Amino acid sequence: MSVWTRISNALAALAAGESLSAIFEHLRTPPERRVGFTIAVIALGAKMAKADGHVTRAEVAAFREVFTIPPQDEAQAAKLFNLARQDVAGFEDYARKIAAMFDDNHTTLYDLMEGLFHIAMADGSYHPLEEKYLMRVAKVFKITEQEFRCLRARFVPDAKPDPYAVLEASPDMSMTEIRKRWRQLVKDSHPDNMAARGVPHEAVKLAERRLIRINAAWEDILSEREPVA
């Protein structure tokens, strides 16, 4: 059974008049978390699109980059997106239920935040309302300020990315400490580790881009400082 068929079944199980946000209360078991992750990214992405007032083709294309949507399932994906946009429930209600769905698993919620940044930057601009939205979602997900700056540095090209921010490090750390941090980030981004966290196979594409930024940041720091033997 495809993930989109399971999403369709989950939507059909909602009671008449029930908010879409209620769906997250029914996806708490590990086998359903891949479905939950997919719905979470699309639903929060739809709420974010509503936050800045419009949906661009680039943002829609960004969903396609993260999730492979077969032609026969496009209507179902569009239905989910529109349900989230029109739902009277606020995005913070969504975020709280999503956090509970993943039992506040920090790494998975961080993966989800990365997907939202990817969608936010799909049109090449970073709207102030998108920043406000992402900061509030991050707060619900208990993403630290340092982690948020790291994500922002990886995705938002408003200045040359701070390599230390990308690696969640600081200039006063030793090269040994920074190297350890770099290796951990690379390990966390490995497809096998992401799959173990219940991240959809399609979303692993985000990790490929993440690794490029992480390794580029490490190389920048190496060029500035003498590496340890």
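Atoms considered below: every heavy atom in the structure, side chains included; atoms not considered: hydrogens, waters and symmetry mates. Keep in mind the model is a prediction, meaning the values are calculated, not measured.
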Over all heavy atoms of both residues, which pair between [X] and [Y] is shortest? Give the atoms and the distance, please.
| X | Y | result |
| --- | --- | --- |
| A153 | A165 | CB-CB, 4.0 Å |
| A84 | A46 | CB-CB, 3.7 Å |
| G45 | L116 | N-CD2, 3.7 Å |
| L112 | A40 | CD1-CB, 3.5 Å |

Verdict with reasoning, M101 to F37, per side chain to side chain contact (heavy atoms under 4.5 Å, CB included) | CA-CA 9 Å; M101 176 179 64; F37 188 98; over 6 Å; no
Candidate pair V137 and Y94, rule side chain to side chain contact (heavy atoms under 4.5 Å, CB included), full reasoning | CA-CA 9 Å; V137 171; Y94 273 51; over 6 Å; no
Would you please say whether a donor-acceptor pair under 3.5 Å links the side chains of E147 and Y110?
-> no
Would you check if there is a donor-acceptor pair between the side chains of D188 and Q184 at a distance under 3.5 Å?
-> yes
In Å, rounded to the nearest 0.5 Å, how long is the span from [atom1] of [X] to [atom2] of [Y]?
| X | Y | atom1 | atom2 | answer |
| --- | --- | --- | --- | --- |
| R179 | S174 | CZ | OG | 10.0 Å |
| I143 | L151 | CD1 | CG | 7.0 Å |
| I23 | L11 | CD1 | CG | 4.5 Å |
| I7 | T38 | CD1 | OG1 | 5.0 Å |
| E168 | T144 | CD | OG1 | 6.5 Å |

For side chain to side chain contact (heavy atoms under 4.5 Å, CB included), just list the numbers for R149 and D162, CA-CA rounded to whole Å, side-chain angles, deciding distance to a tenth of an Å, and then say yes or no.
-> CA-CA 10 Å; R149 287 196 301 271; D162 177 356; over 6 Å; no
Within the distance-only criterion (no hydrogens, no angle test), does the side chain of E224 pair as donor or acceptor with the backbone N or O of I221 below 3.5 angstrom?
-> no
Are the side chain of R181 and the backbone of A169 linked by a donor-acceptor contact shorter than 3.5 Å?
->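 No: the side chain of R181 does not pair with the backbone of A169.
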Heavy-atom side-chain proximity of [X] to [Y] below 4.5 angstrom:
| X | Y | result |
| --- | --- | --- |
| N105 | T107 | yes |
| F148 | F141 | no |
| Y164 | S170 | no |
| L134 | E131 | no |
| R154 | F117 | no |
| L222 | M175 | yes |
| M48 | I119 | yes |

Chi angles and distances behind the side chain to side chain contact (heavy atoms under 4.5 Å, CB included) call for S223, E219 | CA-CA 6 Å; S223 68; E219 292 297 328; over 6 Å; no
Cation-aromatic face contact K47/Y133, 6.0 Å, 45 degrees = no
What is the ring orientation for F155 with H118, classed by angle as parallel under 30°, tilted 30 to 60°, or perpendicular over 60°?
->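 The arrangement is perpendicular - the two ring planes meet at more than 60°.
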Return the orientation label for the W218 and W182 ring planes: parallel under 30°, perpendicular over 60°, tilted otherwise.
->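 Judged by the thresholds at 30° and 60°, the geometry between W218 and W182 is parallel.
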Test applied, side-chain contact (heavy atoms from CB on, under 4.5 Å); reference residue, P163; option that passes from D220, I178, I214 | D220
Ionic contact status for E92 with K139, cut-off 4.0 Å |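 No, no charged N to carboxylate O under 4.0 Å.
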Treating Ile, Leu, Val, Met, Phe, Trp and Tyr as nodes and any side-chain heavy-atom pair under 4.5 angstrom as an edge, say whether V166 and I212 lie in one connected cluster.
->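 No.
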